[in-house]
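A short write-up of the structure that comes next.
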Amino acid sequence: MEKVSQIIHVAVKNLFNANAEISLSRPDAKFGDYATNVAMQLAKSLGRNPREIAGELCELLRKNDEFSEVEIAGPGFINLRISAHKIASDLDEAFSQNNFGENNDGAGKTVVVEYPSPNMAKPYSVGHLRSGNQGWAARNLMLATGWNVITDNHLGDYGAPFGYWVLGFRKFSSDEQLASGGIYELGRVYVAIRAELKSEQERGDDTLAKEAQDWLLKLENGDLEAVELSEKFNRISLEHIHEIMGRLRISTDYELGEKFYVERGKNEVAKLLESGIAKRNEDGSVIVELDGFDTPILVQKSNGAALYATTDLATMVYREREWHADRAIIATGAEQVFYFQQLAALAKKIGVKTELTHLWFGVIDQLNDDGTREKMSSRKGVVLMEELLNVAEAKARQNTKGEKITDDDVRKIALGAIKFTDFSQDRRTNILFDWDQMFSLTGFSGPYVQYAAVRVNKILRDNADVSQAAVGENYDFAKEKDVLLKLAEYPEVVRTAANLLEPHRVAQYVYDLAKVMNRYYETTPIATDTVSQIEKSARLELLRKVSYVFAHGLQILGIEVPERM
RNA sequence: GCACCCGUAGCUCAGCGGAUUAGAGUACUUGGCUUCGAACCAAGUGGUCGCAGGUUCGAAUCCUGCCGGGUGUACCA
């Protein structure tokens with residue numbers, strides 16, 4: 001596709017001395033293989049009739065042997081056809097260079113991608129499923145477009161939750177219970193103390209709330225007991241997070257949590273106060289006024305303790321200074337959109353050059369009994385990641401029928417189902433958590449694509465020893481045209497998905513490819529006895545490309561292709 | 001109140017300026033396994049794209065207003 005765009009670009013330049021952005025679309029097959037509306041775009045700037053422009057362009061394009069058919073249609077569309085054989089040889093050429101689908105748009109630039117950054121106070125819940133999925137996909141898209149990528153798990157290992165933990169632990173738990181319950185015991189006391197705090201607040205009291213804040217302050221001041229408790233709790237929690245991330249098959253290069261940035265953050269705040277950018281309120285809290293915002297950003301609490309803006313401030317500074325980050329991509333929920341707008345404004349105000357991209361995603365909803373939707377919350381009962389993974393694996397295994405498949409393959413299928421669901425829609429759209437849909441193994445789903453890939457791989461494996469004949473001009477690829485056209489789209493899909501950080505485009509693409517492939521497979525024998533040597537060679541080569549693109553596209557989404565399923 | 005996001009088939013969602021029939025999955029109806037794996041394929045039923053204006057050769061797509069839902073709006077993250 002890039003090649004076709006380039007040809008048209010040059011033609012436009014030669015004819016009209018204009019630099020046009022060529023957008024190619026894939027119209028209905030009866031119109032052509034590709035279509036462009038450049039003529040209509042140029043009409044305004046050139047002050048000419050679009051059909052006239054299209055006519056001149058067509059005349060020139062017809063002379064190019066790339067196209068088998070060039071036509072004007074409607075108000076000035078140009079429809080193009082390319083012979084299947086030509087597409088096949090263009091693809092051969094594209095594949096002969098390494099890394100089909102990838103590009104170097106980000107060459108020489110460094111990006112920090114932050115995910116899944118779970119709250120350490122509670123067991124890993126589906127509340128952090130999307131930050132892991134979307135963050136991991138963003139990482140892969142950045143890698144595929146040539147960026148130097150640094151990944152960082154910005155752990156929620158600090159802040160008010162710590163105070164709640166300590167209070168809850170002392171009130172409701174013991175060392176014995178903690179030893180046996182681990183993270184689930186910590187989660188239990190966290191929930192219990194939150195309830196207690198809420199009822200206290202309703203009574204108009206704040207004794208416990210103050211006590212929780214005091215513990216946080218003690219921790220900041222290096223109080224031995226506080227430090228010891230913090231380390232104990234965090235160790236338990238981190239172990240759990242690693243286990244879950246391992247099962248999700250995601251990882252990060254760094255785990256610089258909020259705690260890492262507390263001292264640094266306070267130093268930054270002190271500097272801001274000194275330079276007059278920040279100001280201290282009477283109650284001791286510190287704020288920065290931001291242009292265009294009614295609400296200033298609070299960078300230090302009234303009791304002197306740090307909060308998220310304090311640590312995030314230091315995080316931005318650190319990433320620029322230590323990692324020379326040109327860009328930072330932070331995967332968190334839609335609830336934080338406003339805050340990150342403030343943070344970006346703050347960064348700009350203090351001269352941080354790193355471009356801040358808030359990779360936000362919609363909330364996870366649950367269905368109420370009356371059919372309405374509501375955000376999943378601990379009050380309503382969250383689903384834990386551990387449970388989600390267990391159920392998904394059980395369901396995948398149950399579907400294996402007679403096939404003997406390994407535990408590893410079962411896990412790949414389970415993850416394929418869970419992750420693909422996240423990418424089946426725009427990341428900004430709220431997702432409805434529905435057990436059936438989450439584990440869907442048919443239709444527009446991960447396993448559907450995996451299945452298509454497995455079949456292709458099986459054919460390739462079974463025919464690994466088939467001797468290759470030179471295809472050359474001896475085969476027209478007519479039956480393969482749809483598959484070839486679909487393959488040719490891939491690099492553009494990756495580029496767009498990366499530019500917009502919209503991995504659902506890749507999901508849609510691999511699904512379409514699977515569909516085209518299944519259809520092809522249904523009608524065309526690939527390596528049976530009835531197929532000639534030339535056909536066999538041509539078709540197996542096509543399958544090798546399809547197999548590569550399946551694996552590559554799914555890999556971007558964090559999904560692997562099983563051996564069997 | 002203000003800001004942001006969202007209202008598209010029964011349900012879950014794509015499409016976000018282009019081409020006589022607005023797509024997919026699911027659900028429902030029907031057909032296809034002695035032929036490289038049926039987690040598949042083929043066909044059908046199903047939509048005043050929330051409502052009303054406007055811009056444009058062309059609007060589900062852009063603008064304005066209204067209605068409905070969600071999220072946020074400094075000491076949670």
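By convention in this document, chain letters (A, B, ...) are assigned in the order of the sequence lines, proteins followed by strands, and residues within each chain are numbered from 1.
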Exercise. What is the distance from CD of A:Gln342 to C1' of B:A3, rounded to the nearest Å?
Worked result: 11 Å

For this session: Rounded to the nearest angstrom, tell me the gap between atom CG in A:Leu441 and atom P in B:A39.
Result: 11 Å

Pairing partner (Watson-Crick or G-U wobble, both distances under 3.5 angstrom) of [N]:
N     : answer
B:C4  : B:G70
B:C16 : none
B:U26 : B:G10
B:G53 : B:C63

Is there, by distance only and without an angle test, a donor paired with an acceptor across the side chain of [X] and the base of [N] below 3.5 Å?
X        : N     : result
A:Asp426 : B:C13 : no
A:Lys30  : B:U20 : no
A:Asn518 : B:A38 : no
A:Ser424 : B:C13 : no
A:Asn430 : B:G70 : no

Can you tell me how far [atom1] in [N] sits from the matching atom in [M], rounded to whole Å?
N     : M     : atom1 : result
B:C49 : B:A59 : C1'   : 11 Å
B:U64 : B:C6  : P     : 14 Å
B:A14 : B:U20 : C1'   : 23 Å

Run the salt-bridge test on [X] and [Y] with the 4.0 Å N-O cut-off and return the result as yes or no.
X        : Y        : result
A:Glu535 : A:Lys479 : no
A:Lys301 : A:Glu220 : no
A:Arg428 : A:Glu502 : yes

Exercise. Side-chain contact, heavy-atom cut-off 4.5 Å: A:Tyr115 with A:Asn153?
Worked result: no

